[in-house]
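None of these values were measured; they are calculated from a predicted model. In what follows, every chain begins at residue 1, and chains take the letters A, B, ... in the order their sequences are listed. Side-chain atoms are counted along with the backbone in the values below, which use heavy atoms only and exclude waters and symmetry mates.
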Amino acid sequence: AQKITQTQPGMFVQEKEAVTLDCTYDTSDQSYGLFWYKQPSSGEMIFLIYQGSYDEQNATEGRYSLNFQKARKSANLVISASQLGDSAMYFCAMRSLSNFGNEKLTFGTGTRLTIIP
Amino acid sequence: GAGVSQSPRYKVAKRGQDVALRCDPISGHVSLFWYQQALGQGPEFLTYFQNEAQLDKSGLPSDRFFAERPEGSVSTLKIQRTQQEDSAVYLCASSLEKKAGYTFGSGTRLTVV
């Protein structure tokens, strides 16, 4: 079984500052993928960044980077130079890459990020 | 189309009524997923298709929930005899390959009264 834990229900950050959203996970799989999604008030889930468990380098996508610490089973999202449009719910998720056909994502409970002007 | 399209966007059903929620995935996407998201929670997996084959339906909460994808493209999630606890946003997602992330639709917000 897989489990994602996001311990920050809500965060307030000043515009232009960097912010780190925490995510820890638990899995017995050796090969897995970690995802971050953004969900604005409109409801759509927007894919932000992906990290494979065997990727040697931390993933980066523009202002988003993933601080992957495999031994600690953590996959924190870092947003640099935050903008007002970053205000949204953020979900960490994972899926197994080990079992053929087992493609479902397991999500955490999310962190509501509010950027203050 | 350019994205995953879900309809209706909002649905109000009386308790006991049957509902059908539609998902039109991105053209060519093999995998299609349904998730249920209760208010203030993360999405919970319901079921998964690869083309027309339903490979995993372990997340369907009861036999009142049924999903199909007969031609490997459009999918329908049907809920029979709706109950208040079925009120949630139902999200559909499709994907082309495992590492690319899944593309989600905007969801259908179901309210059972």
### Message
Would you compute the distance between atom SG of A:C23 and atom OH of A:Y25 and round it to the nearest 0.5 angstrom?
### Response
8.5 Å

### From A:N76 atom CG to A:L66 atom CG, the distance as rounded to the nearest 0.5 Å
8.0 Å

### Task
Check each atom of B:Q6 against the heavy atoms of chain A and say whether the ones under 4.5 Å are side chain, backbone, both or neither.
neither

## Note on the structure
Taken to the nearest 0.5 Å, the spacing of B:C92 SG from B:F49 CZ works out to 9.5 Å

### Query
Taking the inter-plane angle between the rings of B:F45 and B:Y35 on a 0 to 90° scale, is it parallel (under 30°), tilted (30 to 60°) or perpendicular (over 60°)?
perpendicular

### Task
Verify whether one side chain among B:S58 and B:D56 offers a donor that lies under 3.5 Å from an acceptor in the other.
yes

### Task
Examine distances only and state if a side-chain atom of B:Y102 and a backbone atom of B:S31 form a donor-acceptor pair shorter than 3.5 Å.
no

### Message
Suppose a student defines contact as a heavy atom less than 4.5 Å from any heavy atom of chain B. Which residues in residues 39-46 of chain A would they list?
### Response
A:Q39, A:S42, A:G43, A:E44, A:M45

#### Entry: Test: B:K78 and B:D18 ion pair at under 4.0 Å
no

### Query
So which of B:A93, B:P43, B:G107 has the largest heavy-atom pair count under 4.5 angstrom toward chain A?
B:P43

